[in-house]
Structure formats: structure tokens, C-alpha cells
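Okay, structure first, notes after.
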Amino acid sequence: CMTTRNNRELLVFGFLNDKHINILIPADLIQFCLSWYIGNNDKWDFKLTNSTLKISDDQITVTQKSRFSWRTAFGKDNIGIGDKKRWVLKLERNKSNHSKSLISCTRIGIIPSCIVYKFYHKINHTGSFDINVIGSYALSGGDGSFWFWKNNRKRKNVKYGKSIKYDDIITVELDMTQVSNCILSYSVNDEDFGIAPNCTIDPQQKYKLCASFKGFESLTLLQY
């Protein structure tokens with residue numbers, strides 16, 4: 001079954017080969033060209049996202065307008081084997097947020113799609129997504145730690161990046177092009193944190209972007 005990405009790859013690769021048939025084009029350059037055709041076209045999902053979060057009409061900004069316990073938003077895209085996805089997001093403080101702290105406690109990561117569809121109501125009302133879902137991974141904005149499930153039994157965290165501040169640009173990249181080596185990585189304001197540790201991403205699963213909020217904050221998917 002050909003995916004949209006497969007079709008776009010064939011289109012771009014075929015064009016490059018046809019126009020430069022006698023030139024060996026570096027793979028990184030081909031991927032760069034391809035990125036202009038794929039882009040970051042994910043949206044926040046109205047149906048799955050907690051109803052206390054407000055999603056903009058264009059579905060690229062999700063906002064926590066009240067001070068509740070953790071509430072979670074989910075992206076629409078399902079990323080699986082053969083896919084490589086990059087999300088670029090901007091975190092902002094709402095006008096209602098009068099905290100003197102510049103650091104956000106928002107958690108951003110990925111979650112198995114099949115679990116979201118079955119248990120999204122429970123996930124949305126019982127804490128941050130990484131607390132409840134085995135197989136999920138999250139960067140914690142509060143201290144830059146990375147949360148994961150050890151042996152799918154015990155939730156743990158390790159030192160990884162830095163705290164996320166308001167107006168930061170966060171990049172999340174999920175690379176599932178290699179069956180034996182699926183990779184999750186983060187960067188903030190172009191500072192690369194490298195490959196997230198202790199990730200055992202299941203190539204048989206598909207994953208969604210997700211973010212959990214606790215304060216008056218908004219998160220925008222930047223389009224490119």
C-alpha cells in the first residue's frame with residue numbers, strides 16, 4: 001500500500017534523477033528537497049483533545065485557558081514505519097498567566113496511536129499522557145528531563161535537555177525509516193539535544209504527537 005509520503009518521494013526523486021541523470025546527488029540533499037513537499041502539515045485533533053483546551057479554527061494552536069490539572073492535546077497524523085516526521089512548535093504564555101516564572105511545565109512527546117483511540121478519555125482526565133500510557137515518551141518542560149517506560153513496566157526519567165521557556169521553539173523529530181533503529185530526538189531554539197535515551201519505539205506501532213498542559217499556555221504548530 002503506497003502512502004502519501006511514498007508517492008511524494010517517487011515524484012521528487014524521479015524529478016531529480018531525470019534532471020540530473022549523470023550526477024550522483026547526496027541523500028541529504030534529496031531529503032532536503034523532499035521536505036519542501038511534505039512540510040509540517042499536522043493539526044491538533046478536535047475529537048481526541050480534551051474539551052477544556054481550545055483549538056484555533058485553523059487547528060494549529062491549542063490553548064489551556066483555565067488552571068486545571070493536566071489536560072492533553074493530540075495531533076492528527078499517525079507516523080509509522082517508513083515515515084520521518086518533524087514537528088516544530090512554539091510555546092507561549094497566555095494573558096491570564098501572571099506567573100513570574102518563565103519556565104513551562106508542559107510535556108511534549110509521542111504516544112502509540114492505537115492506545116489513544118481506545119483510552120483517550122481516561123488519558124485526558126487522569127494526568128499527563130506519559131504517566132498513564134506505556135510506550136509513550138515525553139520531554140518535560142520543567143527541567144528538560146526525558147520520561148520513558150523501562151521494560152514497559154516502570155516509568156522513569158533521565159537528564160536529557162534543558163527547561164523549556166515561553167516563546168521557545170521546540171522541534172520534535174520521529175524517524176521510523178529504519179525498522180531496527182527508530183529514533184526520537186528534540187531540539188529547542190536550534191540547540192540539538194540529540195537522540196532521546198532509552199527509546200524502544202515499536203516499528204509495528206504508529207505514533208501521534210501529544211502535549212500535556214497544566215497552566216495558562218498555548219502551543220502552536222509552525223507551518224513550513
Side-chain angles (χ1 to χ4, degrees), residues 26-44 60-64 70 72-75 77 79 83-94 97 99-111 128-131 135-150 155-178 181-201 207-224:
D28 288 346
L29 180 56
I30 294 177
Q31 288 296 333
F32 175 76
C33 294
L34 178 63
S35 69
W36 287 92
Y37 288 82
I38 294 179
N40 181 12
N41 55 1
D42 203 355
K43 306 284 186 182
W44 295 112
I60 64 172
T61 299
V62 60
T63 302
Q64 170 68 293
W70 291 105
T72 300
F74 302 96
D77 285 358
I79 310 305
D83 293 332
K84 184 176 183 179
K85 182 70 177 182
R86 178 181 294 154
W87 295 275
V88 182
L89 309 105
K90 184 175 183 180
L91 179 69
E92 296 178 285
R93 182 204 301 265
N94 294 350
N97 188 336
S99 172
K100 294 181 179 179
S101 175
L102 297 176
I103 296 176
S104 167
C105 62
T106 296
R107 292 185 173 177
I108 303 171
I110 60 171
I111 188 170
S128 174
F129 69 89
D130 58 292
I131 295 174
S136 62
Y137 300 95
L139 173 67
S140 174
D143 58 5
S145 61
F146 184 72
W147 288 86
F148 63 98
W149 287 81
K150 185 176 181 180
R155 182 171 170 268
K156 299 192 70 175
N157 72 313
V158 293
K159 185 176 180 180
Y160 173 55
K162 295 181 180 179
S163 299
I164 299 176
K165 299 178 181 178
Y166 296 115
D167 297 322
D168 278 350
I169 304 296
I170 305 104
T171 301
V172 184
E173 184 169 296
L174 176 59
D175 186 348
M176 298 185 68
T177 56
Q178 303 295 323
N181 187 31
C182 296
I183 294 172
L184 178 65
S185 59
Y186 291 83
S187 63
V188 175
N189 300 328
D190 293 326
E191 181 180 352
D192 188 1
F193 294 162
I195 297 173
N198 301 290
C199 269
T200 52
I201 296 170
Y207 291 84
K208 283 182 171 293
L209 173 71
C210 52
S212 289
F213 302 83
K214 203 173 183 179
F216 297 96
E217 301 168 338
S218 63
L219 196 61
T220 299
L221 284 158
L222 301 181
Q223 305 297 297
Y224 60 90

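Residues: numbered from 1 along the sequence shown. None of the values given here were measured: they were computed from a predicted structure.
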**Prompt:** So how far is it from Gln64 CD to Thr72 OG1, rounded to the nearest 0.5 Å?
**Reply:** 10.0 Å

**Asked** Atom CD1 of Ile170 and atom CD1 of Ile164: how far apart are they, to the nearest 0.5 Å?
**Response** 4.5 Å

**Message:** Donor-acceptor check, side chain of Asp167 to backbone of Glu92, threshold 3.5 angstrom: yes or no?
**Reply:** no

**Message:** Within the structure provided, determine whether Leu222 and Ile169 are in side-chain contact (heavy-atom separation under 4.5 Å).
**Reply:** yes

**Prompt:** Between Tyr137 and Ala196, is there a donor-acceptor pair closer than 3.5 Å when you use the side chain of the first and the backbone of the second?
**Reply:** no

**Polar side-chain atom of Asp42 near backbone of Asp77 as donor-acceptor pair, under 3.5 Å** = yes

**Exercise: identify the closest heavy-atom pair between Leu139 and Gly144** = CD1-O, 3.5 Å

**Complete:** Nearest heavy-atom contact between Pro197 and Tyr160 is CD-CD1, 3.6 Å

**Message:** I want to check something: taking the side chain as every heavy atom from C-beta on, are Asp190 and Thr171 in contact at a cut-off of under 4.5 Å?
**Reply:** no

**Item:** Closest contact, heavy atoms only, Ser163 versus Gly142
**Value:** OG-O, 2.7 Å

**Message:** Closer than 3.5 angstrom, by distance alone: can the side chain of Tyr207 be matched with the main-chain N or O of Leu174 as a donor-acceptor pair?
**Reply:** no

**Message:** Could you tell me if the side chain of Tyr166 sits less than 4.5 Å from the side chain of Ser104, heavy atoms only?
**Reply:** yes

**Fill in**
Here the gap from Asn181 atom CG to Met176 atom CE, rounded to the nearest 0.5 Å, amounts to 11.5 Å

**Request:** Any chance you could measure Lys214, atom NZ, to Thr106, atom OG1, to the nearest 0.5 Å?
**Result:** 11.0 Å

**Asked** Roughly how far, to the nearest 0.5 Å, is the CZ atom of Arg107 from the OG atom of Ser145?
**Response** 6.5 Å

**Item:** Side-chain heavy atoms of Phe146 within contact of Cys199, under 4.5 Å
**Value:** yes

**Request:** Please check if atom NZ in Lys43 has more than 12 non-hydrogen atoms from other residues, nucleotides or ligands closer than 6.0 Å.
**Result:** yes

**Asked** Within the distance-only criterion (no hydrogens, no angle test), does the side chain of Lys208 pair as donor or acceptor with the backbone N or O of Gly75 below 3.5 angstrom?
**Response** yes

**Asn189 side chain vs Glu191 backbone, donor-acceptor pair below 3.5 Å** = no

**Request:** Could you tell me whether the side chain of Ile79 reaches within less than 4.5 Å of the side chain of Trp87, counting heavy atoms only?
**Result:** yes

**Taking every non-hydrogen atom, the tightest pair across Trp44 and Ile60** = NE1-O, 3.2 Å

**Asked** Hey, does the side chain of Asp175 reach the backbone of Thr177 with a donor-acceptor pair shorter than 3.5 angstrom?
**Response** yes

**Message:** With a 4.5 Å cut-off on side-chain heavy atoms, are Arg93 and Phe216 touching?
**Reply:** no

**Request:** Indicate yes or no: at least one non-hydrogen side-chain atom of Phe213 is less than 4.5 angstrom from one of Leu219.
**Result:** yes

**Prompt:** Can any side-chain N or O of Ser218 pair as donor or acceptor with the backbone N or O of Val62 at less than 3.5 Å?
**Reply:** no

**Asked** With side chains defined as the heavy atoms from C-beta onward, is the minimum distance between Ile201 and Ile110 less than 4.5 Å?
**Response** yes

